[in-house]
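What follows is one structure encoded as structure tokens, with my remarks underneath.
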Amino acid sequence: MSTAREQPIFSTRAHVFQIDPTTKRNWIPAGKHALTVSYFYDATRNVYRIISIGGAKAIINSTVTPNMTFTKTSQKFGQWADSRANTVYGLGFASEQQLTQFAEKFQEVKEAARLAREKSQDGGEFTSPALALASHQVPPSPLVSTNGPGEEKLFRSQSADAPGPTERERLKKMLSEGSVGEVQWEAEFFALQDSNQRLAGALREANAAAAQWRQQLEAQRAEAERLRQRVAELEAQAATEPVPAGEETATSQSVEQLEAQVQTKDQEIQTLKNQSLGTKETPDTTEREETQQKVQDLETRNAELEQQLRAMECSLEEARAERERARAEVGRAAQLLDVRLFELSELREGLARLAEAAP
């Protein structure tokens with residue numbers, strides 16, 4: 001194909017799709033990447049075509065006729081039906097602006113094709129308005145201009161005859177079904193992309209969490225071992241408590257003996273006081289003084305015994321308090337050990353679930 005005969009008037013890039021010829025509902029992508037899609041004008045034959053080359057073959061080779069309609073089915077997707085190729089083409093653009101530009105150019109080319117048909121039927125001279133669109137003029141596409149002679153048949157224009165009523169109804173049905181299929185495919189495509197990104201992020205987070213959990217597990221194991229040793233020490237200390245219990249019994253007996261002695265001394269003091277009162281009428285002053293001295297000695301001894309009794313009672317209370325503190329500490333250590341063991345069990349279960357969920 002000579003560049004003097006057929007020139008590109010507008011080019012863009014888009015993902016190219018064709019309707020599934022079997023189901024007439026689903027889109028079949030032409031490739032994994034976006035392709036160059038161009039409007040071409042054949043000045044010799046006054047025809048317009050939309051052409052897209054993928055590899056060594058033409059993915060789109062559609063002659064624009066006045067009966068064609070380009071439909072926007074979403075913000076970035078549009079489609080049109082080609083009755084001569086018996087298919088529906090779909091284009092997915094990177095932005096809504098690109099889709100709008102392509103749709104406007106489609107409308108311009110469609111109008112130019114209508115004028116070209118009218119001029120050709122009237123037999124008059126026709127100058128294509130597309131050639132005056134300097135704002136959209138672009139250099140020839142490398143994929144098109146480098147075709148060899150054997151590929152000229154890919155760009156050979158076909159008849160621009162309008163389809164019949166039955167064919168038109170069938171194309172409308174294909175167009176509507178293709179719109180539904182395109183929306184579903186586009187939604188599935190972006191959903192799969194989002195799902196893939198979320199899965200990759202979740203996998204990275206899971207690996208980081210697993211490493212952190214392993215560190216926590218090692219720390220919990222060390223803490224649990226330390227608590228076991230502490231509990232063992234406290235239990236051993238509690239096991240040796242019967243000796244203070246024996247001392248407590250001996251202390252209690254000593255207290256009882258001291259109380260008995262105090263009572264005895266009190267009785268003796270009372271007796272001596274009575275005797276002292278009874279001897280006040282006797283003239284024996286020496287005997288009375290001796291009796292008073294004995295009373296004072298007994299009172300001093302009684303005071304000393306009372307001090308010893310209070311000291312013994314204080315020692316007994318301190319021993320009981322110390323034993324209660326030891327028991328409370330053992331209880332707290334046992335509770336803390338239970339908590340650590342529970343946390344360790346949860347960490348193990350979390351690692352097991354993570355290992356099962358990992359692909």
Side-chain angles (χ1 to χ4, degrees), residues 12-20 22-23 25-37 52 54-55 59 71-79 89-102 177-234 329-359:
T12 186
R13 291 188 66 81
H15 291 273
V16 180
F17 302 87
Q18 279 186 282
I19 200 72
D20 190 343
T22 304
T23 62
R25 296 181 62 86
N26 301 323
W27 288 108
I28 299 176
K32 297 181 179 179
H33 306 288
L35 301 176
T36 299
V37 182
S52 179
I59 305 300
T71 305
K72 296 180 182 179
T73 58
S74 69
Q75 292 183 348
K76 299 180 182 180
F77 196 90
Q79 62 187 39
Y89 294 105
L91 297 179
F93 295 89
S95 66
E96 185 177 1
Q97 181 181 5
Q98 293 179 354
L99 172 60
T100 302
Q101 291 176 353
F102 188 89
E177 292 177 350
S179 299
V180 176
E182 181 274 328
V183 171
Q184 293 177 349
W185 179 89
E186 189 176 16
E188 291 177 0
F189 176 74
F190 287 111
L192 287 175
Q193 278 188 335
D194 294 340
S195 177
N196 187 28
Q197 293 177 356
R198 286 195 300 270
L199 287 175
L203 182 59
R204 289 191 295 269
E205 292 177 359
N207 291 334
Q212 185 178 2
W213 286 353
R214 290 190 185 97
Q215 295 177 355
Q216 292 180 357
L217 180 60
E218 293 299 328
Q220 293 291 343
R221 286 178 177 172
E223 182 68 13
E225 184 63 26
R226 188 186 67 81
L227 289 174
R228 286 195 186 96
Q229 294 178 358
R230 180 58 178 166
V231 168
E233 293 175 359
L234 292 174
E329 188 175 357
V330 171
R332 286 193 299 271
Q335 291 178 356
L336 184 58
L337 179 61
D338 292 339
V339 172
R340 295 301 184 187
L341 291 176
F342 178 74
E343 292 177 354
L344 183 62
S345 176
E346 286 187 339
L347 282 175
R348 289 178 178 173
E349 292 178 359
L351 288 175
R353 288 194 299 270
L354 181 61
E356 292 176 356

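Note that the structure is predicted; figures quoted are calculated from it, not measured.
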Could you grab the distance from atom CD of Gln220 to atom CG of Leu341, nearest 0.5 Å is fine? 9.5 Å
Evaluate side chain to side chain contact (heavy atoms under 4.5 Å, CB included) for Gln101 paired with Thr12, printing each intermediate quantity in order. CA-CA 9 Å; Gln101 291 176 353; Thr12 186; 5.8 Å; no
Restricting to non-hydrogen atoms, name the atom on Leu99 and the atom on Ser74 that form the minimum distance, rounded to 0.1 Å. CD2-O, 3.5 Å
If the threshold is 4.0 Å, N to carboxylate O, is there a salt bridge linking Glu329 and Arg230? yes
Heavy atoms of other groups near Gln97 CD, more than 12 under 6.0 Å: no
At what distance, to the nearest 0.5 angstrom, does CG of Leu336 lie from CD of Glu223? 6.5 Å
Closest approach of Trp27 and Gln18, non-hydrogen atoms and distance? CE3-C, 3.5 Å
Taking every heavy atom of Leu337 against every heavy atom of Ala224, the minimum-distance pair comes out as CD1-O, 3.9 Å
If every non-hydrogen atom of Ala14 is compared with every non-hydrogen atom of Leu91, which pair is closest and at what distance? CB-CB, 4.2 Å
Can you tell me if Thr100 uses its side chain to pair, donor with acceptor, with the backbone of Glu96 under 3.5 Å? yes
Would you mind reporting whether Leu227 and Arg340 have side-chain heavy atoms less than 4.5 Å apart? yes
For residues Val231 and Ala333, report the shortest heavy-atom separation together with the two atoms involved. CG2-CB, 3.9 Å
Quick one: does Glu225's side chain get under 4.5 Å of Arg228's, heavy atoms only? yes
Nearest 0.5 Å please: distance from the CD atom of Glu218 over to the CD atom of Gln215. 9.5 Å
Do Arg332 and Leu234 have side chains that approach each other closer than 4.5 Å (heavy atoms only, starting at C-beta)? no
Spacing of Phe93 atom CZ and His15 atom NE2 [to the nearest 0.5 Å]: 11.0 Å
Write down the atom of Ile59, the atom of Gly54, and the distance for their closest heavy-atom approach. CG1-N, 3.5 Å
Would you confirm whether Ser52, through its side chain, and Thr36, through its main-chain N or O, come within 3.5 Å as a donor-acceptor pair? yes
Nearest 0.5 angstrom please: Glu205 CD to Gln212 CD, how far? 12.0 Å
When rounded to the nearest 0.5 Å, the distance separating CG of Leu351 from CD of Glu356 is 11.5 Å
